[in-house]
Engineer: 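The structure's right below; bear with me while I get my questions together.
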Number of protein chains: 4
Amino acid sequence: MTKMTTSTRSPGRPRDNKVGPSLLAAARQLVLQHGYCGVSIQMIATEAGVGRQTLYRRWPSKAELVLAAFLESAGDADVLSDGRAEKRLLHFLVNVFRNLQQDGPAIRNLIASAQDDPEFLKSFRAGFVEPRAEIVATIFRDGIANGEILEDADVEMAVAAFHGAFWYHLLLGGKLDAEFAQRLTRLIMKSISKEPREEELLK
Amino acid sequence: MTKMTTSTRSPGRPRDNKVGPSLLAAARQLVLQHGYCGVSIQMIATEAGVGRQTLYRRWPSKAELVLAAFLESAGDADVLSDGRAEKRLLHFLVNVFRNLQQDGPAIRNLIASAQDDPEFLKSFRAGFVEPRAEIVATIFRDGIANGEILEDADVEMAVAAFHGAFWYHLLLGGKLDAEFAQRLTRLIMKSISKEPREEELLK
Amino acid sequence: MTKMTTSTRSPGRPRDNKVGPSLLAAARQLVLQHGYCGVSIQMIATEAGVGRQTLYRRWPSKAELVLAAFLESAGDADVLSDGRAEKRLLHFLVNVFRNLQQDGPAIRNLIASAQDDPEFLKSFRAGFVEPRAEIVATIFRDGIANGEILEDADVEMAVAAFHGAFWYHLLLGGKLDAEFAQRLTRLIMKSISKEPREEELLK
Amino acid sequence: MTKMTTSTRSPGRPRDNKVGPSLLAAARQLVLQHGYCGVSIQMIATEAGVGRQTLYRRWPSKAELVLAAFLESAGDADVLSDGRAEKRLLHFLVNVFRNLQQDGPAIRNLIASAQDDPEFLKSFRAGFVEPRAEIVATIFRDGIANGEILEDADVEMAVAAFHGAFWYHLLLGGKLDAEFAQRLTRLIMKSISKEPREEELLK
DNA sequence: CAGTAATCGAGACGGTACGTCGTGTCTTATG
DNA sequence: CATAAGACACGACGTACCGTCTCGATTACTG
């Protein structure tokens with residue numbers, strides 16, 4: 001036996017695997033510094049000490065590159081693996097808001113970029129939106145499983161309302177703080193949880 | 001006596017008041033035809049048979065002009081003045097969705113434009129967002145007044161979740177149809193209405 | 001009578017008539033300094049303190065601009081208006097060679113540029129080649145008129161051989177000095193003048 | 001003993017001696033098809049099924065490669081070995097013009113390429129210009145030897161005028177036909193041949 | 001009824017970013 | 001070593017908009 005691996009290694013000079021990360025780092029730093037629109041493709045390439053073409057070889061647009069750059073930092077969303085749904089939601093939201101403290105402006109611009117670039121919209125959904133939606137959906141489904149949440153709850157819509165509400169604030173320049181997180185979580189939970197209303201409990 | 005009013009009319013040639021509307025019309029038509037990003041300021045001015053400066057004299061940016069153009073058509077939001085809150089919400093939403101059928105792409109781009117232009121964000125909030133938020137808030141407050149909705153409902157957050165949910169879908173390219181409207185309305189109403197849960201009714 | 005001139009002055013802001021000359025000057029200086037290929041359109045525009053578009057508005061290519069720049073200096077070809085043909089030819093050639101001392105490299109590159117750009121070739125012929133050809137042709141025709149040169153001399157071909165010979169040297173990097181001028185003039189004159197051969201005179 | 005020859009055969013993989021010719025062929029075909037400037041080094045390499053480096057290992061530039069490619073076809077210049085000088089010149093010229101029918105555009109671009117690349121200019125002179133100059137010079141010298149041409153004829157200049165005249169036409173897009181060949185030959189011969197003038201013969 | 005001043009269409013102007021192209025060098029694995 | 005493939009840094013290209021400016025011409029009110 002001669003060759004184990006089907007090692008379909010493409011011929012030619014392999015891509016320098018230091019250049020991708022250095023582009024991501026450059027993108028991230030420059031966007032945080034000058035804002036998304038204040039940064040050109042040229043600037044990122046120059047900062048990374050790289051030719052422009054080398055960038056285009058990896059990402060088709062500034063938006064895709066910046067998305068990748070900000071996905072890294074946001075990837076490590078720490079999520080409570082169990083506990084009451086409301087608590088887990090709140091914890092998630094507080095974490096997200098903390099990230100947005102720094103990344104908010106960039107994320108807003110990525111959402112903006114997706115509005116006239118269907119290809120990027122797909123990337124953005126797949127890389128950013130859906131993972132986060134899934135986290136929240138999982139919390140809801142766990143809640144159903146352990147009896148906290150109504151069996152017939154409209155999970156999909158609850159997720160949309162949950163994320164939508166803070167996108168709405170984010171995109172409109174509103175403040176995203178702990179109080180907001182609490183109120184939003186409360187609102188959604190009221191809609192889908194089994195727990196009797198407080199008012200009724202008092203009766 | 002020649003003139004009654006001391007009307008501080010500025011000297012010089014008065015503005016041609018046909019030019020504003022023709023710019024709005026041109027903007028609207030071109031954006032619907034080629035998409036927001038497919039239209040340049042020059043194109044709009046040319047289409048309206050107007051110099052570029054004449055446009056800048058009235059609006060500071062493409063976004064502001066297009067906002068004005070699309071505000072006109074959306075201005076005549078017909079809202080039920082009374083009835084049950086859920087019904088009124090649903091009616092509003094269906095109307096909005098009907099408008100978005102045509103204007104959706106433009107609105108998405110306006111939201112996008114606001115993400116890196118604080119000045120325009122203010123205009124957009126004042127002209128587009130807040131009027132619509134107020135309509136929904138009013139419905140909620142009416143609901144409280146007539147006992148449909150809990151006195152301590154978080155109206156502001158409910159509005160954010162309500163609008164946010166369909167913005168979320170709009171910006172992500174989701175479908176905005178009657179079913180979505182119904183499910184969203186239901187979710188929000190469940191959260192804030194007094195009506196006892198179905199489950200409890202069955203007890 | 002109200003208006004005399006049909007003054008078809010085009011509308012819009014008139015072109016700044018200082019910008020053309022400053023571009024020509026910049027082009028000339030930079031090309032002399034760094035060579036034709038060492039100069040980019042951007043460099044010329046920057047040197048002239050002008051936007052790139054402003055340059056493209058006046059000339060369609062670097063070649064056309066540089067041609068114009070070097071036409072100016074070469075325009076003042078001083079030509080003897082009478083005298084013996086051979087003397088006038090020689091005087092012309094010496095003058096040309098003096099110009100080429102400085103402009104030679106640029107001219108060579110202009111000829112080169114014309115080889116893959118038919119549009120520019122036309123400009124180059126009209127602006128550079130033909131005026132110079134005409135000067136020499138005129139000398140020949142004067143020579144015919146005053147009996148120095150054969151009536152049936154092939155003026156066109158003589159011009160081609162005259163100019164061609166020194167283009168040949170120019171393009172091949174040969175030296176263009178007074179001796180060359182003398183020998184070339186002699187050769188051509190021998191071909192077309194009436195004067196009996198020296199050899200025959202000696203018989 | 002395995003190998004006989006001490007032949008200083010370089011170590012490593014020997015050059016594939018099919019690759020050179022296939023590059024020449026690819027270059028020739030592509031340049032004839034798309035024009036010199038319409039062809040990139042990459043295209044030639046790809047057409048020949050060869051890596052780019054392999055090309056650079058053999059020729060330092062596109063110009064050198066294309067020169068080599070077109071030298072092949074032009075190498076077989078058939079020249080009359082004796083006869084009257086004028087006849088031999090004419091025959092040569094007609095042959096050259098026939099070649100230029102096809103290769104003209106490429107040759108023009110090679111001349112152009114030489115204008116900003118001294119290294120290539122040397123190659124071009126050595127490979128293309130001088131052999132052809134020598135052919136013509138030889139014809140002239142033979143003419144001197146057999147008494148057709150004046151002993152003190154300026155052969156070098158005659159060659160320059162002869163070649164220069166048709167370069168001039170070639171580079172300026174003029175037509176190179178039999179009539180041109182005849183007129184040019186006539187002009188040069190008149191200048192350097194011993195034959196008495198027609199006018200004088202009629203005396 | 002001349003003077004003043006702002007508006008209008010048109011287009012020049014200095015900039016900036018874009019995406020593509022070609023060049024010559026380099027770096028792999030495979031002969 | 002040579003080779004095919006392709007990455008890489010670089011830099012020019014021509015285009016598209018942008019927001020501002022500068023024209024002649026127009027159109028009102030003012031003194």
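Order of the sequence lines fixes the chain letters, A, B, ..., with proteins taken first and strands second; residue numbering starts at 1 for each chain.
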Engineer: Are B:Asp103 and B:Leu32 close enough that some pair of their side-chain heavy atoms sits under 4.5 Å apart?
Structural biologist: yes
Engineer: A:Gln42 has an atom CD; how far is it from atom C1' of F:dA12, in whole Å?
Structural biologist: 12 Å
Engineer: Are any of C:Thr54's side-chain N or O atoms less than 4.0 Å away from OP1 or OP2 of E:dA12?
Structural biologist: no
Engineer: So which one's nearest nucleotide on DNA chain E is more toward 5', D:Ser40 or B:Pro11?
Structural biologist: B:Pro11
Engineer: Report the distance from atom CD of A:Gln53 to atom C1' of E:dG22, rounded to the nearest whole Å.
Structural biologist: 10 Å
Engineer: Any donor-acceptor pair under 3.5 Å between the side chain of A:Arg52 and the base of E:dG19?
Structural biologist: yes
Engineer: Taking the nucleotide of DNA chain F with the closest heavy atom to each, which residue, A:Val50 or C:Gly12, is nearer the 5' end?
Structural biologist: A:Val50
Engineer: D:Gly20 and D:Trp59: which non-hydrogen atoms are nearest, and at how many Å?
Structural biologist: O-CH2, 3.9 Å
Engineer: Kindly say if C:Arg57 contacts the phosphate of E:dC13, meaning a side-chain N or O under 4.0 Å from OP1 or OP2.
Structural biologist: yes
Engineer: Without decimals, in angstroms, what is the distance between A:Leu23 CG and F:dA9 P?
Structural biologist: 9 Å
Engineer: If you pin A:Arg58 and C:Met43 to their nearest nucleotides in DNA chain F, which one's is more 5'?
Structural biologist: A:Arg58
Engineer: Look at the rings of D:Phe120 and D:Phe124 and say which category their plane angle falls in: under 30° parallel, 30 to 60° tilted, over 60° perpendicular.
Structural biologist: tilted
Engineer: To the nearest Å, how far apart are C:Leu55 CG and F:dA12 P?
Structural biologist: 14 Å
Engineer: In this structure, how many angstroms lie between the P atom of E:dC21 and the NZ atom of D:Lys62, rounded?
Structural biologist: 15 Å
Engineer: Please state how far atom CD1 in C:Ile44 lies from atom C1' in F:dG14, giving the value in whole angstrom units.
Structural biologist: 15 Å
Engineer: Could you check whether any side-chain heavy atom of C:Glu64 comes within less than 4.5 Å of a side-chain heavy atom of C:Pro60, counting everything from C-beta outward?
Structural biologist: yes
Engineer: Checking A:Lys62 side chain against A:Tyr36 main chain: does a donor-acceptor pair fall under 3.5 Å?
Structural biologist: yes
Engineer: So, OP1 or OP2 of F:dC8: does either fall under 4.0 Å of a side-chain N or O from A:Arg13?
Structural biologist: no
Engineer: In terms of the nearest nucleotide of DNA chain E, which residue is placed more toward the 5' end: D:Gly38 or B:Ala48?
Structural biologist: B:Ala48
Engineer: Among F:dC8, E:dG19, F:dA4, find the nucleotide with the atom closest to the side chain of A:Tyr56.
Structural biologist: E:dG19
Engineer: Output the rounded distance in Å from CD1 (A:Ile41) to C1' (E:dC18).
Structural biologist: 8 Å
Engineer: How many Å lie between CD on C:Glu64 and P on F:dC13, as a whole number?
Structural biologist: 15 Å
